[in-house]
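Throughout, residue positions are numbered sequentially from 1 according to the sequence presented. What's counted below: heavy atoms across the whole structure, side chains too, no hydrogens, waters or symmetry copies.
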Amino acid sequence: MARRTATIIIEPHLLVREALESLIKNYRYRVVCSSASTADISNPAMVGDGPKLVILGAESTDDAVAEAASIRKLWSNSKIVLLFEHASVADFQKLLTSEVDGCVPLFASPETLIRTLDFVTTEDARVVVMARTKSPAIRPSPKDKSHQPEAGTDETPSGGTEHGTRSVNVVPMPQTRPTENDCSVAHLDGHEGDTHWTQPLRNHPKLSEREAQVLDGLVQGHANKVIARSCDITEATVKVHMKSILRKIQVANRTQAAVWALEHGHPVHQIKDAC
């Protein structure tokens, strides 16, 4: 029998913990501990050299970052995969520089979760799973449940989607812990199930000076109207530049563009100084 991966689940909700354990035990994962937080683990040495994998859930991004830091102190070689419900551009900025090795939204299928766990634990890579749609998938606002934003609008995907949107992208996260093979994303082509594994871009697409300025503002979490005011252009022009950026870097929405920018070392300036 193949050796099963020692796994710890840290998630504040008991129902979610039990559901995760029930799911992953059918694969190559062995849950050795399940807890609401790292503070509740009385004996961190219970797993010999430590767990190979820690599946993390948290009430907020700040909680996730703090818990991931605690996990890294307890088990320095463990892989940490975060399950999240909502994530803004600002949230992704925090997660990309945290100790988290992978991010999977709760709307992803069980198959996507298992494939991501398999990849993160077998390859020295960091990945984030996001909705793969032509328009960002967000929760409809109370005022207009049918509203879906265009690619260039101010609204960003929260991580939650409607039931009709199940296709996802798996994209690279920055390698804050360099590895020998410098691998950062799955080397799989095409589609399998509801998952599209994306190769990192070898050649950065050429952005115009104005597009770079708009991307700077996006990475800082600014709305289109703030970017427009800072650059002394109209909001409609910002939307045009945003659509051009998404097309050039081959991503679907603003959040993915911000992740791409951070992953590719795009310099971030104060937007008022860049325009």
Side-chain angles (χ1 to χ4, degrees), residues 61 65 86-98 100 103 105 125-138 148-159 168-178 182-186 196-275:
T61 300
V65 171
H86 308 290
S88 65
V89 172
D91 290 331
F92 274 115
Q93 286 180 292
K94 295 177 182 178
L95 293 173
L96 289 170
T97 56
S98 73
V100 171
C103 300
R126 304 180 73 218
V127 296
V128 56
V129 178
M130 291 184 292
R132 184 170 179 265
T133 55
K134 290 185 178 180
S135 295
I138 66 168
Q148 289 291 335
E150 296 181 0
T153 63
D154 288 343
E155 297 175 81
T156 58
S158 65
V168 297
N169 253 356
V170 180
V171 298
M173 296 171 70
Q175 282 287 65
T176 57
R177 295 177 296 281
D182 197 31
C183 177
S184 63
V185 68
H196 179 69
W197 295 76
T198 306
Q199 295 273 4
L201 298 178
R202 299 303 180 188
N203 298 313
H204 295 190
K206 180 66 175 178
L207 299 180
S208 69
E209 182 177 356
R210 182 66 79 189
E211 288 169 346
Q213 293 166 357
V214 171
L215 187 58
D216 282 340
L218 175 62
V219 171
Q220 294 177 65
H222 294 312
N224 284 349
K225 60 184 177 182
V226 175
I227 298 173
R229 183 168 60 249
S230 301
C231 292
D232 196 24
I233 57 178
T234 66
E235 191 171 346
T237 301
V238 172
K239 292 181 180 180
V240 171
H241 287 308
M242 195 70 70
K243 289 182 178 179
S244 177
I245 292 168
L246 300 186
R247 183 181 68 254
K248 287 183 178 181
I249 65 177
Q250 300 175 29
V251 299
N253 54 49
R254 294 165 63 95
T255 300
Q256 292 183 16
V259 171
W260 179 93
L262 292 169
E263 200 278 331
H264 289 82
H266 184 81
V268 180
H269 311 94
Q270 288 297 325
I271 191 113
K272 63 182 180 181
D273 297 329
C275 300

With Val214, which of Thr237, Ile227, Val240 fulfils side-chain contact (heavy atoms from CB on, under 4.5 Å)?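 With Val214 as partner, Thr237, Ile227, Val240 yield a single side-chain contact (heavy atoms from CB on, under 4.5 Å), made by Ile227.
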Let me know which of Leu96, Val127, Leu95, Asp91 forms a side-chain contact (heavy atoms from CB on, under 4.5 Å) with Cys103.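 Among the candidates, only Leu95 passes.
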Rounded distance (nearest 0.5 Å) linking atom [atom1] of [X] with atom [atom2] of [Y]:
X      : Y      : atom1 : atom2 : result
Leu215 : Ser208 : CG    : OG    : 10.5 Å
Met242 : Arg247 : CE    : CZ    : 13.5 Å
Ser88  : Gln93  : OG    : CD    : 8.0 Å

Where Leu246 and Ala252 come nearest, the two heavy atoms and their spacing: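 For Leu246 and Ala252, the tightest heavy-atom pair comes out as CD1-O, 4.0 Å.
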Ignoring hydrogens, what is the shortest heavy-atom contact between Leu218 and Ala257? Give both atom names and the distance.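 Taking every non-hydrogen atom into account, CD2-CB, 3.7 Å.
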Taking the basic N atoms (NZ, or NE/NH1/NH2) and the acidic carboxylate oxygens, is any pair closer than 4.0 Å for Lys248 and Glu211?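 Here Lys248 pairs with Glu211 in a salt bridge, since their nearest N and O are under 4.0 Å apart.
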Start with the C-alpha distance between Ile233 and Arg210, add both sets of side-chain angles, then the distance that settles side chain to side chain contact (heavy atoms under 4.5 Å, CB included), and finish with yes or no. CA-CA 10 Å; Ile233 57 178; Arg210 182 66 79 189; 4.0 Å; yes
Test side-chain hydrogen bond (donor to acceptor under 3.5 Å, both in side chains) applied to Arg254 and Asn224, step by step: CA-CA 11 Å; Arg254 294 165 63 95; Asn224 284 349; 2.7 Å; yes
